[in-house]
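Structure first, then comments.
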Amino acid sequence: MVVPNRQSSIANRKSKIENTSTPFKLTRLQTHLMNWPDSPALLAPLGPWFDLHRRDLPWRHGDLGRPHPNPYAVLVSELMLQQTQAATVIPYFERWMARFPDAAALSVASEDEVHKLWEGLGYYRRARYLQASAAHIATLGWPTDVDGLMELPGLGPYTAAAVASIAFQWPEPALDGNAFRVLARVLGLDGDPKHYAKRLRSWLRPALEKLGASRLTQSLMELGAMICSPAPKCLNCPLAVHCEARRSAATDRIPPIVQRRKPKESELMLLAVEAHGFWLLREPTQKGLLAGLWKWPALEAAFVVEADLAADSGLPYASHELYSWSGWTQVYTHRRELVSPFHLRLAQRFLAPKGFHWVPGAELDQLALGKRDQRLRELLKGTGTVPLRGPSASWLLDHLRRDAALAG
DNA sequence: CAACCGTGGTA
DNA sequence: TTACCAAGGTT
């Protein structure tokens, strides 16, 4: 497939990235660029270093001087690599490409299967965006410039530029966390390097044109991942001679650490309710945490206190059995959950509330679950339950049905 | 624009 | 154990 290089500029985009520059800002920009070393000269050592030390990643093509033979593979890898380390991505990428070898195959897949192949990788929105992008490409073909790539769902400034440079050799500067850290240190930037994004892109473009877009983009990120890491290994760095942060012993201050909000804590009971070989699962939601995935029913654990007070009310659930395991802490980006898992076995099924579904045990493994719910699914396969230590079975069931009624 | 979206590695 | 943070993007 031949894709023309339109030489469009991310920095001058009207939409999504930044506003067009005013004459005043352009003047400041030019002034500032005068103080930075020439980018092709400064970054030239990256090429030879990369040829010697580059990792052999399954989405990485041998000849970086040409457009990538499979742009779809680049797209898949870049979506998977968002906020995710390469080592984690590799097995997911292999399975994905085996099952969905091209955009057409992905575009006709079921959403459940798409999520199943993404299971455990996190940020599940990316899987849906990738499928939507594949549908666009299968129908209309590949975009012909970086602005077109930006229109694909799930592609922002970084990913659009990464696909442009790695898949098509368009000279679009792709700035990820690695590139920002490397450039902040080499140039000795003060403050958050993201504030320099626009100037850095203008400054980088000549280097992309001279050293090769794919080669420079990947070598910059590879250096950030392997050498110029948060705790840098400057002795092995091909840019050390001209690095401002190293010269001034400031690599621990550049770039500055951005502090995060403390995660919110919550406590919940996670229920595997079983009846005659069927399991009660929450159907996938469209929004919120773990959207698109199946979930075990859960109850706010504040109820546990009530349960202790209520004790067993003597309701007719004599044939029910309740098992539990020791709990754990489930960590998300901005949340911490204290999880208490239970297995409740019922003598008979009841009508599944709205938003719930009785799943045959044989199909449990086919559902896409988040790590928290995968963990309970695995517990059910073992025999390591401990005697009941928690609310009564009747109490749990009553609250589950009440909770489901409210949710529905 | 701050909040939100998962999970695993690392010091 | 805690906190940072990773080939970020969307709302």
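By convention in this document, chain letters (A, B, ...) are assigned in the order of the sequence lines, proteins followed by strands, and residues within each chain are numbered from 1.
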Report which part of the nucleic acid [X] touches: base, sugar-phosphate, or nothing (heavy-atom distance under 4.0 Å, all strands).
{"X": "A:Val331", "answer": "base"}
{"X": "A:Trp59", "answer": "base"}
{"X": "A:Ala225", "answer": "sugar-phosphate"}
{"X": "A:Arg335", "answer": "sugar-phosphate"}
{"X": "A:Gly370", "answer": "sugar-phosphate"}
{"X": "A:Leu175", "answer": "nothing"}

For A:Met221 and for A:Pro263, locate the closest nucleotide of DNA chain C by heavy-atom distance; then report the residue assigned to the nucleotide nearer the 5' terminus. A:Pro263

Separation between the [atom1] atoms of [N] and [M], rounded to whole Å:
{"N": "C:dT11", "M": "B:dG6", "atom1": "P", "result": "14 Å"}
{"N": "B:dC1", "M": "C:dG8", "atom1": "C1'", "result": "16 Å"}
{"N": "C:dC4", "M": "B:dA3", "atom1": "P", "result": "15 Å"}
{"N": "B:dC4", "M": "C:dA7", "atom1": "P", "result": "25 Å"}

With a cut-off of less than 4.0 Å, is there a side-chain N or O of [X] near OP1 or OP2 of [N]?
{"X": "A:Lys287", "N": "B:dC4", "answer": "no"}
{"X": "A:Gln83", "N": "C:dG8", "answer": "yes"}
{"X": "A:Arg181", "N": "C:dC5", "answer": "no"}
{"X": "A:Thr333", "N": "B:dT7", "answer": "no"}

With a 6.0 Å cut-off on the ring centroids, do A:Phe168 and A:Trp142 count as close? yes

Under 6.0 Å between ring centres, would you say that holds for A:Trp59 and A:Phe93? yes

Measure from [atom1] on [X] to [atom2] on [N] and round the result to the nearest Å.
{"X": "A:Glu119", "N": "B:dG8", "atom1": "CD", "atom2": "P", "answer": "11 Å"}
{"X": "A:Arg125", "N": "C:dT11", "atom1": "CZ", "atom2": "C1'", "answer": "8 Å"}
{"X": "A:Arg260", "N": "B:dA2", "atom1": "CZ", "atom2": "P", "answer": "15 Å"}
{"X": "A:Ile257", "N": "C:dA6", "atom1": "CD1", "atom2": "P", "answer": "11 Å"}
{"X": "A:Asp252", "N": "C:dA3", "atom1": "CG", "atom2": "P", "answer": "20 Å"}
{"X": "A:Gln259", "N": "B:dA2", "atom1": "CD", "atom2": "P", "answer": "13 Å"}
{"X": "A:Lys371", "N": "B:dG6", "atom1": "NZ", "atom2": "P", "answer": "14 Å"}
{"X": "A:Arg126", "N": "C:dA7", "atom1": "CZ", "atom2": "C1'", "answer": "11 Å"}

Salt bridge flag under 4.0 Å for residues A:Asp365 and A:Lys381: yes

When you get a sec, tell me which of [options] is the closest nucleotide to the side chain of [X]?
{"X": "A:Pro230", "options": "C:dA6, B:dC5, C:dG9", "result": "C:dA6"}
{"X": "A:Arg336", "options": "B:dG6, C:dT2, C:dG9", "result": "C:dT2"}
{"X": "A:Leu290", "options": "C:dA7, B:dT7, C:dG8", "result": "B:dT7"}
{"X": "A:Gln85", "options": "B:dG9, C:dT10, C:dG9", "result": "B:dG9"}

Residue mapping more 5' on DNA chain B - nearest nucleotide basis, A:Arg261 or A:Tyr124: A:Arg261

Nearest-nucleotide 5' precedence on DNA chain B, A:Gly288 against A:Ala231: A:Gly288

Which class fits the ring pair A:Trp296 and A:Trp279: parallel under 30°, tilted 30 to 60°, perpendicular over 60°? perpendicular

Once you measure the plane-to-plane angle for A:Trp96 and A:Phe100, does it fall in the parallel (<30°), tilted (30-60°) or perpendicular (>60°) bin? perpendicular

Would you indicate whether the side-chain heavy atoms of A:Tyr196 and A:Leu187 approach each other to under 4.5 Å? no

In short, A:Ile166 meets A:His68 closest at the heavy-atom pair O-CB, 3.6 Å

Side-chain donor or acceptor of A:Thr84 under 3.5 Å from a matching atom on the base of B:dG6? yes

